Amino acid sequence: MSFNLLSEPIRKYVRDKKWEQLKPIQAAAIERILTTEDNYILASRTASGKTEAAFLPVLSAANFNAPGIKVLYISPLIALINDQFLRVEELCKNLEVPVTKWHGEANKSLKDQLLKDPSGVMLITPESIEAMFVNKPFNVIRLFSGLEFVVIDEIHSFLGTDRGIQLKSLLSRLQTVNRHYFRVIGLSATIGDYELAKTFAGPSRKTTVLLDKTPKEVKVSFRYFSGGTDELPLALLKNLYLETKDNKALIFPNSRGRAEEVAVKLKKISQKVNGHPNYFSHHSSVDRDEREYVEYFAKNNTLHNFCIACTSTLELGIDIGTVDEVVQIDASHSIASLVQRLGRSGRRDGAASTLVLYATGPWSLLQSMACWLLYREGFIEPPAESSKPYDLLAQQALSIVKGTSGIAPDQLIAQLKGNYAFAAIAENEILPIINHLIDTDMLERLGRELIIGVTGEKVVNNKDFYSAFTTEEHFKVVHAGNRIGEIPYTPQVLVDQNIMLAAKIWKIRDIDFKAKKIEVAVAKDGKKPIFLGLPGNVHAKVRQKMLEIIYTGDCYDFLDEASVDELKVIRSDFRAVPIEDPTVQRPLIDTGNKLQLFAFTSTKINNTIALLFHIKGIPSQFNPPTDSFEVVLGYTDFMAQWRSLPETISAIDGYLSAQAETNPEKSEVTKWAFLLPLPLRIAIAKEKVYDIEGTRAFLETVTFLAAQQTEGNQAPFSSMDQLPGKA
DNA sequence: GACCTGCTGCGGTTTG
C-alpha cells in the first residue's frame, strides 16, 4: 500500500483531506519515489493530482532537519507559483516547514529572512535562478548545496525551447554546487517525446516516466462556415453564440486580435437577446488586473455561465475550475496545443470533454481534421530541440564568468563541457566561442583569468540578461487612469480610430509617443487590434495527413453537413491527379504557363525548398494557405531542375553566409545568437528556420504526379483561390 | 498567417 509508505505528518494530511483513495498517478509516484533513488517524469492530464503526486512522497522523504533548502519547485509562470504556494503550504502544515516564494514579484523581506536561516521548500522561476547565479553566487551555495529534490512543473512547456536549454544548464550548474546529487521530479502533460523530457533530469541518475493513460471521453464536432478574409462570418458567430450561451466555455481563435473580435461580437449578440453579460477576452495584451479578475470569475462562480475568448494564456496549469466546453476556431498550430486546450474541458471526474471545431476555409478544415485524427491515433509532435545550442552556451559562459571574480579559461571550458545541457557540443567547439567573446569585448583577459569585458558589462548588467527570449515593445492603453492593456504601435494606431481591447471598444483620444501611452474613451463600434507575429511551424505529419484525407475517401461522423460538402469540393478539385500513395506522391497542376506544386510537408521543409528555388534562380512563389509553390517554368524544364535540387543543398551555407555578411541582424534568429561567430550563427538559423536533412529525405522520396489543366477541368481549385488570408 | 513566459542592484524619494 503506497499510503503506508508516507511519513506520519503526510498521512495525517491525507486523512484530514478525507480522500476516498489516492489517484493512480499519486499511488504510482509514492510507491516509486519512496522505494527507489531514481528521477521521475509524472505524465498525466490536467487536474489529475500531479502536484500532490510529487509532493506527498517528496515531503515524506526530505530531511528537513538538515540546514538549507531541501525541495526546490521550479515553474514557468509567476502566477502558477502563487497558485501552488497555497497548496504546498497546506501540504506542509503538519510538518512545520517554511515554504518561500522566490521570484521577481515576491516579497523581498521574506527572501532576506530566508537567507538568514535557509530551510524548507522554495518556489522559483528559471530566470530567478539565473539572476542568483549571476549576482549572488554565494547565495546559490548557501541555499542549494543541501538540496534533495527538484520538482519541475509543466515541464512540457520547456521542451524544445531555448528557455528549456537554459533551465537544463541551470539544473546542471545546481548539481555541481550540491553536496550529493539531488533527485528530479518533472510534472508533464501528455506529450509526444518522453526521451527529451528525461534529459532535463540529467545523467546522474536513472530517469523513469510514469504515464497515466486513463482515457478521456471527448465529444467532438466540426462545423464549417465559409468566411471572408478579415472578419468572422456572421453565421458562424450566431452559431457560436447559441452553442456557448448556456455553458461555461473557452474559445481559442488562434490570435489576440481575433479573441477580441469574438468576445466583443458575442457580447453584442448576447445584449440584443438579453443573454448573460459574462463575455471576456484573455491574452497577454489584456491588463494583468483584468486577466486576474477573469480568472477569479471563472474559478469562483458556480452559478453563472461565461465565455472567455483567449490565447495560450489559458493553456497552462493555472486553475480556473470547471469548463463545460472548449471551442477551437480554425486549426490550431499544433496537435500538442489542441491537446492542452482540450484538457481544459470536463475537468470533473468522469465528465466527458466537449470540443467544437469551427473552420472558415477548406485548408483550415483539412488541417483541423488532420490534427484531430492524428491525436486519436496517439500522435503528438515531438518538440524539436536545438542539437547544438551554441547561443545559450555563450550566454551561460557570460553568466559563469560574471558569477566569479575571474576564472581561468580552461576552467570555464571544463565547466561548460561538464554541463549536460551542452553535451552535444564538443570541447574543441567551445574554445572558438570563448575566443570570439574575447574578440568582441564581451570577455576580457586579466592576467591568467577571464573577466567580463567593457561591452559585456552592458549585456550582463541588464535585467534582460536573465531570460532566453525576447519581447516586443508595446504602447499602454489607458482609460481615465485605468490600465486596459497594451498594443503594438501599428499604422492602425491613430487619433479617432476605434479599437477593441479587453472585450470592449475604445476610441483613441491621444497618443503619447514619449511615454508610449494611448489614452482612450469608450466607443460603440471598432476594429480588432492588429498584432505583429510570425507564422507558426506545422509538422510534416499534419500536412501529410491532410493529403491522406483528400485521397482516402473516408467518411467521418464528426463533420456537419457543410464540412462534408466542403470536403467533397476539395476532393473533386484534386481528382484530376491520381495519387495512390500519399506518403511519397504529391500533386502538381500544369496550367500551361505555370506549375502549381502542392508539397504537403512541414513549414521548415517548405522554407528550405523556397530557399533552394531562390538559390537556383527558379522563378517561384510560395502560397502559405494552400501550402503550394507556383513555378513559372515548363514542366520538362522544371523536372530537370527539381532532380538537381539535392545538389544545391550544399550551396545553402555559402548563400546564408553571404546574406549574413551584408545583413548581420538577419542571422540573429535567437536572442543570444549575436554573441556567436558568423558560422555558428548560421548553424543556429539553419535549425530554427530550415530543415536540411528533412528536405534531403523529402527530395529523395517524394515524386510529383502531374495533371494537365485543360478546357474540361478549368474549374478545379476554384475554391482554393478564395482562401482567407491569400494575398 | 502565432502564441507565451521573467527581471538585479542601486540610489533616490516618500511614508509611518
Side-chain angles (χ1 to χ4, degrees), chain A residues 74-82 101-106 108 111-112 123-137 139-140 153-164 166-167 170 227 229-230 252-259 281-286 288 291 309-318 328-334 336-338 340-341 360-361 363-364 367 399 402-403 457 459-472 474 488 530-538 603 606-607 622-627 671 723-727:
Chain A
I74 302 173
S75 151
L77 302 177
I78 287 179
L80 193 55
I81 288 182
N82 296 342
K101 289 188 270 189
W102 192 291
H103 55 67
E105 294 168 13
K108 178 95 172 32
K111 292 186 200 170
D112 290 341
L123 287 61
I124 199 166
T125 60
E127 287 74 16
S128 284
I129 302 177
E130 179 79 79
M132 203 188 292
F133 266 115
V134 169
N135 298 307
K136 302 276 182 73
N139 280 349
V140 176
D153 207 350
E154 307 274 5
I155 198 171
H156 55 276
S157 74
F158 293 110
L159 302 182
T161 68
D162 290 344
R163 198 183 187 197
Q166 180 192 21
L167 173 59
L170 295 168
T229 53
D230 195 31
F252 291 93
N254 290 343
S255 72
R256 289 172 283 178
R258 196 138 257 190
S281 73
H282 191 289
H283 52 79
S284 66
S285 292
V286 173
R288 177 115 130 226
R291 278 158 71 181
C310 57
T311 62
S312 48
T313 47
L314 287 184
E315 263 180 40
L316 282 185
I318 298 161
Q328 173 71 45
I329 300 178
D330 284 329
S332 61
H333 293 88
S334 69
S337 173
L338 183 66
Q340 282 287 107
R341 292 169 184 187
T360 62
W363 293 94
S364 168
Q367 190 176 322
S399 168
K402 172 71 184 178
E457 286 287 348
V459 176
V460 299
N461 289 338
N462 191 317
K463 60 178 162 56
D464 219 27
F465 182 66
Y466 313 119
S467 68
F469 49 85
T470 51
T471 40
E472 40 183 344
H474 284 153
I530 298 168
F531 294 96
L532 312 163
L534 293 166
N537 288 333
V538 178
T603 309
N606 280 330
N607 291 344
F622 182 65
N623 295 327
T626 55
D627 189 32
K671 178 166 173 177
L723 293 171
K726 185 172 174 181

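None of these values were measured; they are calculated from a predicted model. Quick note on labels: first sequence line is chain A, next is B, and so on, each numbered from 1.
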Test side-chain hydrogen bond (donor to acceptor under 3.5 Å, both in side chains) applied to S157(A) - qualifying residues, sequence neighbours left out: none
Can you confirm whether S332(A) sits close enough to F252(A) that some side-chain heavy atom of one is under 4.5 Å from a side-chain heavy atom of the other? no
Counting primed atoms plus P, OP1 and OP2 as sugar-phosphate and everything else as base, spell out the protein contacts along nucleotides 11-16 of chain B at 4.0 Å heavy-atom distance: B, S or - for each nucleotide, 5' to 3'. ------
Sequence neighbours excluded, which residues qualify as side-chain contact (heavy atoms from CB on, under 4.5 Å) partners of S364(A)? D330(A), A331(A), A359(A)
Between CD1 of I329(A) and P of dC3(B) the distance, given in whole Å, is 14 Å
For E127(A), check side-chain hydrogen bond (donor to acceptor under 3.5 Å, both in side chains) against everything at least two apart and list the hits. R163(A)
In the 5'-to-3' direction, what one-character label does each nucleotide of nucleotides 5-10 of chain B receive under the scheme B = base within less than 4.0 Å of a protein heavy atom, S = sugar-phosphate only, - = no such atom? BBBBS-
Can you name the salt bridge (charged side-chain N to carboxylate O under 4.0 Å, His left out) partners of R256(A), sequence neighbours left out? E472(A)
The correct list of stems in which DNA chain B takes part (3 or more consecutive Watson-Crick or G-U pairs, distances under 3.5 Å) is none
Mind checking what makes ring pair (Phe, Tyr, Trp, His ring centres under 6.0 Å) contact with F465(A), not counting sequence neighbours? W672(A)
Whether R256(A) contacts dC4(B) is assessed here as follows: a side-chain N or O lying under 4.0 Å from the phosphate OP1 or OP2. Is that the case? yes
Applying side-chain hydrogen bond (donor to acceptor under 3.5 Å, both in side chains) to H283(A) and not counting sequence neighbours gives E260(A)
Rounded to whole Å, how long is the line connecting atom CD of Q328(A) with atom C1' of dA2(B)? 12 Å
Suppose we screen for ring pair (Phe, Tyr, Trp, His ring centres under 6.0 Å). Which residues come up paired with F622(A), at least two apart in sequence or across chains? F629(A)
With sequence neighbours excluded, tell me which residues meet side-chain contact (heavy atoms from CB on, under 4.5 Å) with H103(A). I78(A), I81(A), N82(A), K101(A), E105(A), A106(A), T125(A), S128(A)
Output all residues satisfying side-chain hydrogen bond (donor to acceptor under 3.5 Å, both in side chains) with Q166(A), sequence neighbours left out; order by chain, then residue number. E130(A)
